[in-house]
Amino acid sequence: MSIQTTSDADQTTGVIPAAPWRIKAVSVLPDFRLAVTFMDDTQGIADFSAILTVRECGIFEALKDKSCFDQARLNLGAVTWPNGADMDPTWIYEQIRANKLWSVPF
């Protein structure tokens with residue numbers, strides 16, 4: 001399991017991702033899941049396992065490869081991957097705040 005937290009390297013000069021829905025830490029978990037912590041300390045699990053059952057899912061197709069999925073990183077408070085895929089943190093935040101769990105709606 002790797003943990004990444006927001007650092008100066010994740011910041012654009014003069015931009016501080018301080019909104020409560022911005023992600024400040026992400027950890028890759030087994031079974032295509034991520035543990036996320038937001039700027040307001042809301043925590044939960046983002047479950048991407050449904051991606052495995054989708055026939056074609058555009059830029060997210062590459063995430064079916066566990067080695068690609070495991071490269072999840074933070075960029076300005078959002079989870080991103082090297083292939084350019086990213087997830088809107090507000091979308092994840094709303095569900096995790098209410099349910100402690102967010103599942104990819106493919």
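Numbers here are sequence positions counted from 1. These numbers come from a predicted model, not from an experiment.
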Taking all non-hydrogen atoms of both residues, which atom of [X] and which atom of [Y] are closest, and how far apart?
X     : Y     : answer
Leu63 : Cys68 : CD2-SG, 3.8 Å
Ile92 : Phe38 : CG2-CZ, 3.9 Å
Gly84 : Ile59 : C-CD1, 3.6 Å

Run the numbers on Phe60 and Met87 for side-chain contact (heavy atoms from CB on, under 4.5 Å), then give the verdict.
CA-CA 10 Å; Phe60 298 102; Met87 294 306 288; 3.5 Å; yes
Report the residues that fulfil side-chain contact (heavy atoms from CB on, under 4.5 Å) with [X], sequence neighbours left out, ordered by chain and then residue number.
X     : result
Ala98 : none
Val79 : Ile23, Val26, Leu34, Ala72, Leu74, Trp81
Ala78 : Pro89
Gln95 : Asn99, Trp102

Enumerate the salt bridge (Lys or Arg N to Asp or Glu O under 4.0 Å) contacts for residues 38-52, please, sequence neighbours excluded, ordered by first and then second residue.
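Salt bridge (Lys or Arg N to Asp or Glu O under 4.0 Å) check on residues 38-52 returns Lys24-Asp41.
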Suppose the criterion is salt bridge (Lys or Arg N to Asp or Glu O under 4.0 Å): which pairs have a residue in residues 56-68, not counting sequence neighbours?
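Residue pairs with at least one partner in residues 56-68: Glu61-Lys64, Lys66-Asp70.
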Using atom types as modelled and distance alone, determine if a side-chain donor or acceptor of Asn83 lies under 3.5 Å from a backbone N or O of Ala85.
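Between the backbone of Ala85 and the side chain of Asn83 there is a qualifying donor-acceptor contact (under 3.5 Å).
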Within the side chain of Arg97, is there an N or O that forms a donor-acceptor pair under 3.5 Å with the backbone of Glu94?
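A pair under 3.5 Å: no.
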